[in-house]
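So you know, we letter chains A, B, ... as the sequences are listed, proteins then strands, and number each from 1. All values below come from the heavy atoms of this structure, side chains included, with hydrogens, waters and symmetry mates left out.
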Amino acid sequence: MSEAVETLEGWWVLHDFRRVDWPRWHAASAAQRAALLSGWQTLCRELSGGPLEQAGDSAVYTVLGHKADLLFLHFRPRLEDLLAAQMAVNLDPGRPFLVPATSYVSVIELSGYLAKPGTGPLPPEVQRRLYPAIPPHRYVCFYPMNKRRQGADNWYMLSREERARLMAGHGQIGRRYAGQVVQIITGSQGLDDWEWGVTLFADDPLVFKKLVYEMRFDETSARYAEFGSFLVGTRLEPDDWPRWLNTATGDG
Amino acid sequence: MSEAVETLEGWWVLHDFRRVDWPRWHAASAAQRAALLSGWQTLCRELSGGPLEQAGDSAVYTVLGHKADLLFLHFRPRLEDLLAAQMAVNLDPGRPFLVPATSYVSVIELSGYLAKPGTGPLPPEVQRRLYPAIPPHRYVCFYPMNKRRQGADNWYMLSREERARLMAGHGQIGRRYAGQVVQIITGSQGLDDWEWGVTLFADDPLVFKKLVYEMRFDETSARYAEFGSFLVGTRLEPDDWPRWLNTATGDG
Amino acid sequence: MSEAVETLEGWWVLHDFRRVDWPRWHAASAAQRAALLSGWQTLCRELSGGPLEQAGDSAVYTVLGHKADLLFLHFRPRLEDLLAAQMAVNLDPGRPFLVPATSYVSVIELSGYLAKPGTGPLPPEVQRRLYPAIPPHRYVCFYPMNKRRQGADNWYMLSREERARLMAGHGQIGRRYAGQVVQIITGSQGLDDWEWGVTLFADDPLVFKKLVYEMRFDETSARYAEFGSFLVGTRLEPDDWPRWLNTATGDG
Amino acid sequence: MSEAVETLEGWWVLHDFRRVDWPRWHAASAAQRAALLSGWQTLCRELSGGPLEQAGDSAVYTVLGHKADLLFLHFRPRLEDLLAAQMAVNLDPGRPFLVPATSYVSVIELSGYLAKPGTGPLPPEVQRRLYPAIPPHRYVCFYPMNKRRQGADNWYMLSREERARLMAGHGQIGRRYAGQVVQIITGSQGLDDWEWGVTLFADDPLVFKKLVYEMRFDETSARYAEFGSFLVGTRLEPDDWPRWLNTATGDG
Amino acid sequence: MSEAVETLEGWWVLHDFRRVDWPRWHAASAAQRAALLSGWQTLCRELSGGPLEQAGDSAVYTVLGHKADLLFLHFRPRLEDLLAAQMAVNLDPGRPFLVPATSYVSVIELSGYLAKPGTGPLPPEVQRRLYPAIPPHRYVCFYPMNKRRQGADNWYMLSREERARLMAGHGQIGRRYAGQVVQIITGSQGLDDWEWGVTLFADDPLVFKKLVYEMRFDETSARYAEFGSFLVGTRLEPDDWPRWLNTATGDG
């Protein structure tokens, strides 16, 4: 048996992607649209720093392409808090306009490849990485991934040493992008359909392409990584909603 | 020909995942919602310990993410009883609000790898494992799986001894989580699209991640397991429905 | 080139799986439901032994899980007769309530692995297997399958002798279940998305699991079989419809 | 680099599969149905030999199973003509009743494996194969396919001689079915999701099964062919529509 | 670790494929259709050379087959500009008639296999390739692709020299089609589900088939390429909309 690596876990994370029901939106009156818009702004404020967020953080992004129009991203202390955040959207009067597109359930994970978790209290820099605020960058990129278990390319049959060596090289690429991109790794074994989620935050979306492409040449990705769908978007602050929907009113 | 392992079977099991038709819910009047809510509470009570459950057990869970909103889980003596439980939901006046999302048909299975089924009456501890009540834990995790038959990684071409050896090591990991998680294995060869279903019950959902991740390093999973979709949720007792739907009335 | 095996063909077969449009059903009045129910009972009687069945047989089953609610199974002399049976359902006034879920087009096939088809008239026992009535058993199981063509596991590159040897071992398992299960093999090369359909009939649905599981350890399945979706259900006679839909009226 | 084979191309081909919106049909009045029926008959006549067909041919088939109800098959000189034929259906008042199910875009292809295309004018028999009328047979079968590029089974890494040898053996099987089946091969590299479409025409649909099954034992298929969905149907002449829809009126 | 190749990036690109909601179109009055048509023509003019296009280019194509009816293709300086172009369609009153079918997010990419990007200003011919207008050709073809990472066929484990050699041979085929086809390669690592998009423009659509087929015999494609869906269409200028929809009015 190969030796499992220990992990540390922090916030629970829900990526809740939604589509707008545009025919319904176009059928709404101006007054209905204003009420919807105002409601969504209030909802977003309550989810991030308001009564629907006792701890953790939430942010909303507009998503490019047909896969989704919006991403509601939630960091929370407990799985129930994610359910509560999701239900806050479902019970909002604007819910009929927001159709679930896809989602991802995971938990922030620090891997023990570089340093085995000790038994004492966690150092503050580890605490900050386990319980971060959502990075403020303008662009977001999300994708899920697996480590491959296929014929001779079976990550889970490698020795712990070999895996640590590969991960170290992999991490070196990531560090070259420090300052340009913030990467949050979330584990989802037993929670969702892939083994990990990767969420990237940057002020220049070209960095997503550069980083992902360069990493693909690294043996860790080249031989052992399998990727799901990639989604990219831009931050949508509550004040941005009227401009996004081209609707004059709202509480902004 | 490889020697097949004998199995014991107990309750028939249906995982009936449903989505709420939220636009329909938002279009309902307060009176309609109260009636729906009351009806669902009654239905759940009749399915678990009431007239719709002559034997076996039923429980309802809220599910996180877009894949489903609710899981109706049924343990029953006969396949027809599962059909009856499913039809009880379909014929309930609240059915138009509950859209089938996915489902899984299986039967509780004890594998004969560790001890060949004998011919005498089953010992009480085996009876209890074949015909359990649904564990009372707050969190549930479900996923289906196959044993791989791919090139050199073909479980069904291994000798019985080799399979027993691998399963024994696999079981050791599981036992380290005894007290933290209850695992119910259900067989679905000939019944549904994967070979087994795994349903985990725990009071801390992080245990699902820890257990599944650790097991993936075991050769039984690393080389021979293929996994379907993972779904997680929390128990929804009849009394919890009003709070879940933020609706004041109901029979609670 | 590997030597193809000759086959004998009998009835054409359509597995026509349908979902009930439950919101539409719940919106119907009691009078509409009674008329629908009566119409479905008449349709089923006409399809099996009535004017819509000049030869062959039809039967209806309720299906467990989200994949379908009903299976209309038709055995007919010609492909056009299957089209006519399908159109009889489509043109029935109850059609808006019955949504196509999935289907399978195939033809009953006897394989020549064990005995090459001769040139004389077919013996009566072969005739009976090519042109059977639908077995009367209470439970049905359907799944499609392929023989694998993947790397070293390529069924169609084996010699005829090797294939005959494998099929003979495979058949021995099946014969151990004689009396417990009736198996009808239908070929669908050139007709539908898999190479064969397997339809099992039994009075105890656990036999489906036992048989499929045991066969998976046989090299024919372990190395060479690929399986599609499995669906199970129970026979629904015309007189059973009122109870199934919990509707008092009907022509029963 | 392997040597590419040259090809000759003829008619552009669209397989336009449609489902009938049966709930809409059942909701239509008798007068509406008569108008729809008459319109479809006119449309079909205009598409085949009428003003919507300057050159080429069109035919309609009823399709068995849930994948589609109808196939509109068009042979045309230019890709734009296929767009025009598709738009003729879309702009027809009966379009709301005909929902796109699937489709295939390709062009009739003669492969140069057996004889390299020369530089002179094409012989008449080649012209006839590139620009045929739709064969008049009662039954149709369509499926798309690829040549495999997988590990040791990579068609495109074979030498031209090896490919020609394999194709010659493959063609011998096809020729044994001459007189029973007409096969039209269409290329779709760069046009649709598979590399080729195969459309078979016969007066006995069992021939589709016999031919496809026998070819699967040929190394060209056994090692190198990957198949998509198979669809079968029967010719629906304009005069057949009233009987097909069990509607007395119409222009027939 | 294999050496990553450097790349240059230009316009951001969105392929926004839409289906027409034909039942809605047929239900619209003549006046509504005229207004819709006029609105779409205005929208298209604003997106290409008008106020919705500060820089870059846009074009619309009709698409053949069931996968989409229209392609809105946008080249823009920034990812936000793509979001704005997509939202211009979503907020247009004609949006309920245009249903998202699929989409692709990528950025024009010049690969450094043939010449490593230097540090000085880009030569004008490189600038033109990074920031092109949409080629004016009548036909378009789009497909996404990956480089394979499968067993012995793993592109990303090849040396930079081997990859450069393979790409050079691959490019020679493309150059034989110079003058017949314009090819724009867009990178989508980290942006969408495949690694690259390929968009071809030509005045004869048969060139798409010839080029893609010939390239498949090249080792770069034969061993290392995986392809997604192929979509083809023809340019739809604003003035072409009335004829396309067979609607007399409009602003044309």
Measure B/Trp244 against the heavy atoms of chain A and call it side chain, backbone, both or neither at under 4.5 Å.
both
Separation between CG of B/Leu211 and CD of A/Gln189, rounded to the nearest 0.5 Å:
11.0 Å
Has A/Arg148 got more than 12 heavy atoms of other residues, nucleotides or ligands less than 6.0 Å from its CZ?
yes
Here the pair of heavy atoms bringing B/Pro23 nearest to A/Arg24 is CB-NH2, 3.5 Å
Testing the basics here: between A/Gly190 and B/Val232, what is the closest heavy-atom pair and its distance to 0.1 Å?
O-CG1, 3.5 Å
Against chain B, residues from residues 10-22 of chain A with at least one heavy atom under 4.5 Å, in numeric order, are A/Trp12, A/Leu14
Does A/Met157 reach the side chain of B/Glu219, with side-chain heavy atoms less than 4.5 Å apart?
yes
Applying side chain to side chain contact (heavy atoms under 4.5 Å, CB included), can you list everything that pairs with B/Pro135, at least two apart in sequence or on another chain?
B/His137, B/Val182, B/Ile184, B/Phe201
Report which part of A/Asn146 has an atom under 4.5 Å of a heavy atom belonging to chain B: side chain, backbone, both, or neither.
neither
Identify the two heavy atoms, one from A/Gln86 and one from B/Asp69, that lie closest to each other, and give their separation to 0.1 Å.
NE2-OD1, 4.1 Å
Is there a side chain to side chain contact (heavy atoms under 4.5 Å, CB included) between B/Tyr139 and A/Glu80 once you walk through the steps?
CA-CA 10 Å; B/Tyr139 298 93; A/Glu80 279 99 329; 2.4 Å; yes
Chain B neighbours within residues 55-65 of chain A, where any heavy atom lies under 4.5 Å away
none
Please step through side chain to side chain contact (heavy atoms under 4.5 Å, CB included) for the pair A/Asp192 and B/Lys67, ending with a clear verdict.
CA-CA 10 Å; A/Asp192 213 321; B/Lys67 286 181 273 187; 2.8 Å; yes
Step through the shown structure and confirm whether more than 12 heavy atoms of other residues, nucleotides or ligands are within 6.0 Å of CZ on B/Arg138.
yes
Closest heavy-atom pair, B/His66 versus A/Ala101, reported as atoms and distance to 0.1 Å, is CD2-O, 3.8 Å
Relative to chain B, which of A/Pro96, A/Pro93, A/Gly151, A/Pro100 shows the most heavy atom pairs under 4.5 Å?
A/Pro96
Counting N and O atoms only, with roles assigned by atom type, does the side chain of B/Arg223 sit under 3.5 Å from a partner on the main chain of A/Asn154, one being a donor and the other an acceptor?
no
Heavy-atom contact with chain A under 4.5 Å, split by part of B/Thr220
neither
For A/Glu9 and B/Leu206, work out which heavy atoms get closest and say how close.
CG-CD1, 3.6 Å
With rounding to the nearest 0.5 angstrom, report the OH to CH2 distance, B/Tyr213 to A/Trp196.
4.0 Å
Atom CG of A/Asp193 and atom CZ of B/Phe230: how far apart are they, to the nearest 0.5 Å?
8.0 Å
Under 4.5 Å from a heavy atom of chain B, the part of A/Val99 involved
neither
Can you find a side-chain donor-acceptor pair between A/Ser106 and B/Lys209 that sits under 3.5 Å?
no
Under 4.5 Å from any heavy atom of chain B - which part of A/Arg78
neither
What's the shortest heavy-atom distance between A/Leu79 and B/Pro205, and which atoms?
CD1-CB, 3.8 Å
Hey, what do you get for OG1 (B/Thr247) to CG (A/Leu91), rounding to the nearest 0.5 Å?
7.5 Å
List the residues meeting salt bridge (Lys or Arg N to Asp or Glu O under 4.0 Å) with B/Arg216, not counting sequence neighbours, and say none if there are none.
A/Glu195
Please report the interatomic distance CG(A/Leu191) to OH(B/Tyr143), rounded to the nearest 0.5 Å.
11.5 Å
